[in-house]
There are 2 protein chains.
Amino acid sequence: MGDLEVRQLRYFVAVAEELHFGRAAARLDMAQPPLSRAIRALERQLDTTLFERTTRQVALTPAGEVLLRDARTALEAVTAAAHRAHQAGRTAPRLRIALKADLDGGLLPRILDAYAAEAAALPPELVLGGYGEQPQALRDGRADVALLQLPCDDRGLDSEPLLTETTLVALAATDPLAARTALHPDDLSGRELPDGAPADGLRPARPSSLRPTAARRASNLSEILSLVETGSIVFFAPASLARRHPRPGIAYRPVHGLPDSTLAVAWPQDARSPAVAAFVRAACTTAAATPAPAHRTAPHRPAAS
Amino acid sequence: MGDLEVRQLRYFVAVAEELHFGRAAARLDMAQPPLSRAIRALERQLDTTLFERTTRQVALTPAGEVLLRDARTALEAVTAAAHRAHQAGRTAPRLRIALKADLDGGLLPRILDAYAAEAAALPPELVLGGYGEQPQALRDGRADVALLQLPCDDRGLDSEPLLTETTLVALAATDPLAARTALHPDDLSGRELPDGAPADGLRPARPSSLRPTAARRASNLSEILSLVETGSIVFFAPASLARRHPRPGIAYRPVHGLPDSTLAVAWPQDARSPAVAAFVRAACTTAAATPAPAHRTAPHRPAAS
DNA sequence: ATCACCCATACCGCCAGGGTATCAATGCCG
DNA sequence: CGGCATTGATACCCTGGCGGTATGGGTGAT
């Protein structure tokens, strides 16, 4: 059985995600016939049926499900090799730190100070990304280390928790629910979350009627908070964020039974760089040295109203 | 920066391992010029120098070292995708168990019995491999689960230790050292180990003068034991193996300070198959149910003489 | 029954990538 | 110090794999 090629995996993943040869071909910027042929060739090569296709429907077989999972991680590993080699070849290497802006619990400046004092420190470079993109940034080599929320998809990663805070929900101050001091998850039924919100992390406590798709796309925190102020969406945030972004038009309220939000430092499992080790050390000591009460805001005292 | 292709990674790894374009080309079954061009193109694509080359010498740059490591894991991930998809597409899927013959501590039959009783069990299929090939077999998808010795290169793997035994050294009965009841690592200085022996696992206690290359290639245990009997080599083995393969011509002796040999069950970190879980469960309960004294042979009572 | 949709097949053209021949730089040795 | 062997780089050619266009054929909806 000859070796697979990256192109074949990309094609397969596109079709498996779209479940439609035409759309997948468009996404790959190619015509549909060569794509169909390539998938057929792949199936012959693996001696396996990957798709159950009729002229009206395309579905993954069990073998296809397996390949989808493994193909994604293989593609991540390949692009990681490219990114890391490119990075290692730069004349001035840097430590690329992935994080979601405003979700660092206010620790970032102190962590960076402690990190800068380490002997093995390289100049830091922030890699900003949306909700839940940090793990993938580590896996595909765009970043060397990350600050992220647990739990997350940690395949191939190691992590160390830094601090745990209460998760609050941000509501418009005019919202009827803002009059109450604490909420139940069911109270939020039917509300909308910002686009790309962490549906995964909150799934256990989130009623299914809470949709993670907002009418309008909001990429940064101010846009999201503006949408909250107008009552278009609600938004889950760790207590530290609530404390650092008080707004008159927004009320932060605890939700009964909502899982805590844990900030962690994470890195690729096979990382060997001393700069990564230095950053992890800096992050852990900074978190340990930070007075816990200031960060574990008690749920009965919402930060703004 | 365009995506890398598997072919480029294979070429790079070959050159990085051979540090010689001609030999690498021969290994890849191609001519040297296209290989040189491909590597140059790769360097342009990554905007990085991977090799420092003169006409007489080829050396890896730091970026090249990074890429070598990542390229190997990426290639493993790609072949894993192929192997697992192929396996998942078989009409009669099986659980592929990797192990080194005769190093299972005698637990295998009982583990297989316990496993067969599990509801999620698939028919087992043994994948035999040499020393230390088990981790790679898991990573590249040739096996679903493995019995192996710790410590090992466990990147991407999870493992659960099953039992720890004393490590003994096998000597010819006629060897002067066989007259003694216990040895010191330095006593073995200058002896040869069988080809492909676990130099890594024993490195801490092994004097550097102990060479892991034998004059003759020996693939299976009987061949190795024959070489031991003739005094050609010495051989490290867990106590259970010594107990199960007593030979008049061979003396097993404890070595002071030699690390214990730990048998573990291991599996790919992202494994989701219920059959793997069933096997791990079976292995752990079997090991727990096995009377410890029978397996933790006391070092002061060598099994044969 | 017709139509629209969508995957498969047939056929064509291009260029990426491999082969051969050769050059050029380097270290060895007489 | 000058040939010589070694080895990576360059020049040039050619083949086959891959993508494009045109079209077929099967299926579900109205």
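Please read all numbers here as calculations on a predicted model, not as lab measurements. In what follows, every chain begins at residue 1, and chains take the letters A, B, ... in the order their sequences are listed.
The listed nucleotides are dG8(D), dG19(C), dT21(D); the one nearest the side chain of Pro33(A) is dT21(D).
With DNA chain C read from its 5' end, the first of the two nearest nucleotides for Pro34(A) and Arg23(A) is the one closest to Arg23(A).
Remark: the backbone N or O of Phe51(A) is paired with a side-chain donor or acceptor of Glu43(A) at under 3.5 angstrom. At least one donor-acceptor pair under 3.5 Å links the side chain of Thr48(A) to the backbone N or O of Leu46(A). Proximity of a side-chain donor or acceptor of Gln45(B) to a complementary backbone N or O of Asp3(B) within less than 3.5 Å is detected.
Residue Tyr11(B) is classed as a sugar-phosphate contact, given heavy-atom separations below 4.0 Å to backbone atoms only. Contacts of Gln57(B) with the nucleic acid, taken as non-hydrogen atoms under 4.0 Å apart, are absent. Among the atoms of the strands shown, base atoms are found under 4.0 Å from some heavy atom of Arg37(A).
One finds a side-chain N or O of Ser36(A) lying less than 4.0 angstrom from the OP1 or OP2 phosphate oxygen of dA8(C). Not one side-chain nitrogen or oxygen of Arg53(A) sits closer than 4.0 Å to the OP1 or OP2 atom of dC6(C).
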Would you please test Val58(B) and His20(B) for side-chain contact (heavy atoms from CB on, under 4.5 Å) and show each step? CA-CA 6 Å; Val58(B) 177; His20(B) 188 294; 5.9 Å; no
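One can place CD of Gln32(A) at 14 Å from P of dA22(D), the figure rounded to the nearest angstrom. Between Leu42(B) atom CG and dG8(D) atom P the separation is 17 Å, expressed in whole Å. If you measure from atom CZ of Arg44(A) to atom C1' of dT9(C), you get 13 Å, rounded to the nearest angstrom. Distance CE (Met30(B)) to P (dG17(C)): 11 Å, rounded to an integer number of Å. When rounded to the nearest whole Å, the span between CZ of Arg10(A) and P of dC18(D) equals 12 Å. Protein atom CG of Leu35(B) is 9 Å distant from nucleotide atom P of dA9(D), rounded to whole Å. Rounded to whole Å, the distance from CD on Glu52(A) to P on dC7(C) is 14 Å. Put simply, CD1 on Ile39(A) is 15 Å from C1' on dC6(C), counting in whole angstrom units.
At a threshold of 4.5 Å between non-hydrogen side-chain atoms, the residues Leu19(A) and Val15(A) do not count as touching.
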Could you list the protein-to-nucleotides 25-29 of chain C atom pairs, N/O on both sides, closer than 3.5 Å?
residue, atom, partner, partner atom, Å
dT26(C), O4', Thr55(B), OG1, 2.8

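Across all their heavy atoms, Thr49(A) and Ala63(A) have their closest contact at O-CB, 4.0 Å. Scanning both residues, Val13(A) and Ala71(A), for their nearest heavy atoms gives CG2-CB, 3.8 Å.
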